[in-house]
Amino acid sequence: MLNFEFYNPVHVVFGKETVAQLPVLLPRNTRIMLLYGGGSIKKNGSYDQTIKALQGFDFIEYGGVEPNPRYLTCMRAVEVVRKSNIGFILAVGGGSVVDAAKFIAAAALYREGDPWHILQNTGTSPLKDALPLGCIITLPATGSEMNCSAVISRQATHEKLHFADPKVFPRFSIIDPQFTYTLPERQTANGIIDSMVHVIEQYITYDVNTPLQDRMAEGIIKTLIEIGPYVMDNPSDYDARANIFWCSSMALNGMLSCGVIQDWTTHKLGHELTARYNLDHARTLAIILPAVLRYERRNKAEKILQYGREIWGIDDENLEDAIDEAIYRTEEFFHSLKVPTRLADYKIDPMEAAVAIRQRFETRETILGENADIDALAAYEIIRSC
Ligand code: NZQ
Ligand code: ZN
């Protein structure tokens, strides 16, 4: 097992009617920005409950955060935060709203130049400070409610970049699965796939003797596979919605990555596809993950076989066949959620995408993969095969 540090200070309040606890979680004597997206919160009940719980607090509302939140939208919010003397950001919505809140919280106190640098300098320039934030999350997918990461897009340059800093951990996250009853099928499926791929990118690499982390990863994947199709057909089943939500929070809250080898190639390539073609985040993952597993089938063989055995019950003596079967079953699962796994399904030319991403990786000298073997050419080959 590798050395690791584990730190997760998020106060999770999970269950029915938990927005009522907002008044004890929020700070008094400071002005709050209630941040939200395109209006879904007004249909799923979270807005009304939040407004009720905010009685007696000093707050302003700021809506309009789009899916794959945009830098310019966030920077407009930063201006309001500064002008209105906001001291706390309360995000209500999906992962995009929570991510935007994290970036706004960081950018509002960033004095070292253009806040876009926060996203370009991951790992090299820890934030000096950030405003405190909390969230009421309405979509199980990103794990943003329990981590300190955010992903922000810049349309003009087709960029979608990520940053992570402990200063933007939510102080609290309220998760009431009842808010997810209104999710369109497409978003429910996206959330199941995003969560599953988060687990896989912390699991299908190479073994460093971490059986507990492996069992936890397999437990989350199995639960998603068992309940995912059920929840698609039974969108108002509370326990199913609750179990899916807890899977997605656990998938990316730092627990699974303790001491293991990780590989975020699928996510990094997926962000390039979203930035260029505006595909939903999870839909890019469903396209790229199978291609990455096929490309890396030698290096990842042991873990793909373990995944196939533990998750899909594959015990073919021919190891090549067993690997093929594990990848095939993964794709079939995505298809069962009505999520396609080829670029052509979105009328995107794989060659065009592959060339564009190769150029970008060359310019940035990007190297990915647990063996640092995914360079510009490898990225090109992977995307071409999608
Ligand atoms: O904008 P509104 O009107 O709120 O509608 C949203 C949006 O259209 C709607 N929605 C949210 N909750 C709903 C609902 N509709 C009905 N009922 C509800 N309860 O769903 C649409 C998608 O919302 P969005 O927040 O964009 O989805 P998601 O939670 O999947 O977030 C995606 C973003 O998170 C990033 C992705 O890259 C993408 O930008 N990620 C963030 C991560 C993190 N912070 O750790 C990790 C992930 O890998 C991911 O990269
Ligand atoms: Zn993701």
Side-chain angles (χ1 to χ4, degrees), residues 8 10 34-47 49 63-71 73-74 91-103 106 119 122 133 135-154 159-165 168-170 173 175-202 235-236 241 244-245 248-249 251-254 257 262 264-275 278-286 288-289:
N8 193 316
V10 181
L34 162 53
L35 186 75
Y36 63 94
S40 69
I41 66 166
K42 297 194 173 160
K43 295 184 192 135
N44 63 29
S46 57
Y47 176 81
Q49 291 185 27
V65 174
E66 50 285 288
N68 307 306
R70 295 181 193 162
Y71 177 67
T73 307
C74 292
V92 186
S96 291
V97 178
V98 181
D99 279 12
K102 291 172 180 173
F103 182 71
L119 296 148
T122 300
L133 64 120
C135 79
I136 298 168
I137 181 104
T138 63
L139 202 172
T142 60
S144 190
E145 67 277 13
M146 268 194 92
N147 67 41
C148 63
S149 292
V151 192
I152 303 297
S153 297
R154 200 164 193 172
E159 283 177 288
K160 185 174 184 197
L161 299 178
H162 149 270
F163 84 104
D165 192 294
V168 296
F169 269 118
S173 286
I175 306 173
D176 183 339
Q178 296 176 114
F179 295 142
T180 66
Y181 294 165
T182 54
L183 278 173
E185 218 177 41
R186 166 175 148 195
Q187 296 300 341
T188 300
N190 283 355
I192 294 164
I193 291 174
D194 194 17
S195 306
M196 180 164 161
V197 178
H198 292 157
V199 179
I200 288 177
E201 297 216 83
Q202 299 165 89
S236 303
R241 288 292 194 184
I244 292 285
F245 222 133
S248 71
S249 300
L252 202 55
N253 66 3
S257 61
Q262 305 174 59
W264 290 95
T265 299
T266 296
H267 266 71
K268 286 278 181 348
L269 290 174
H271 291 339
E272 295 300 327
L273 288 184
T274 299
N278 204 26
L279 294 183
D280 291 354
H281 170 61
R283 283 166 189 250
T284 68
L285 307 178
I288 293 172
L289 178 76

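Counting starts at 1 for both ligands and their atoms, following the listed order. For this chain, numbers begin at 1 and follow the sequence in order. Computed from heavy atoms alone, side chains included, the values below leave out hydrogens, waters and symmetry copies.
- The part of His198 lying near ligand 1 is the side chain, judged by heavy-atom distances below 4.0 Å.
- Numbered from 1 in the order shown, with element, the atoms of ligand 1 that lie under 4.0 Å from a heavy atom of Gly38 read 1 (O), 2 (P), 3 (O), 4 (O).
- Close contacts of ligand 1 with Pro67, meaning ligand atoms under 4.0 Å from a residue heavy atom, involve 7 (C), 8 (O), 26 (O).
- When the Zn ion (ligand 2) is compared with the N/O/S atoms of Asp194, atom OD1 turns out nearest.
- Between atom 21 (C) of ligand 1 and the options Gln187, His267, Arg70, the minimum heavy-atom separation is to Gln187.
- Every atom of ligand 1 is numbered from 1 in the order shown, and the set under 4.0 Å from a heavy atom of Ser144 is 44 (N).
- Atom numbering of ligand 1 starts at 1 in the shown order; those under 4.0 Å from a heavy atom of Asn147 are 43 (C), 44 (N), 45 (O).
- Among all non-hydrogen protein atoms, the one lying nearest atom 15 (N) of ligand 1 is Ser40 CB, 3.5 Å.
- Among the atoms of Thr180, none of the N or O lies under 3.5 angstrom from an N or O of ligand 1.
- In terms of protein heavy-atom proximity, atom 44 (N) of ligand 1 is nearest to Asp99 OD1, 2.7 Å.
- For ligand 1, the atoms lying closer than 4.0 Å to a non-hydrogen atom of His271 are 37 (O), 50 (O).
- The shortest N or O to N or O distance between Lys102 and ligand 1 is not below 3.5 Å.
- What sits closest to atom 25 (O) of ligand 1 on the protein, heavy atoms only, is Ser96 N, 2.9 Å.
- Protein heavy atom closest to atom 42 (C) of ligand 1, with residue, atom name and distance, is Thr142 CB, 3.7 Å.
- Remark: ligand 1 atoms within the under-4.0 Å shell around heavy atoms of Thr182 are 16 (C), 17 (N), 18 (C), 19 (N).
- Heavy-atom contacts of Asp194 reach the following atoms of ligand 1: 47 (C), 48 (O) (cutoff under 4.0 Å).
- Listed by atom number, the atoms of ligand 1 under 4.0 Å from Phe179 heavy atoms are 18 (C), 19 (N).
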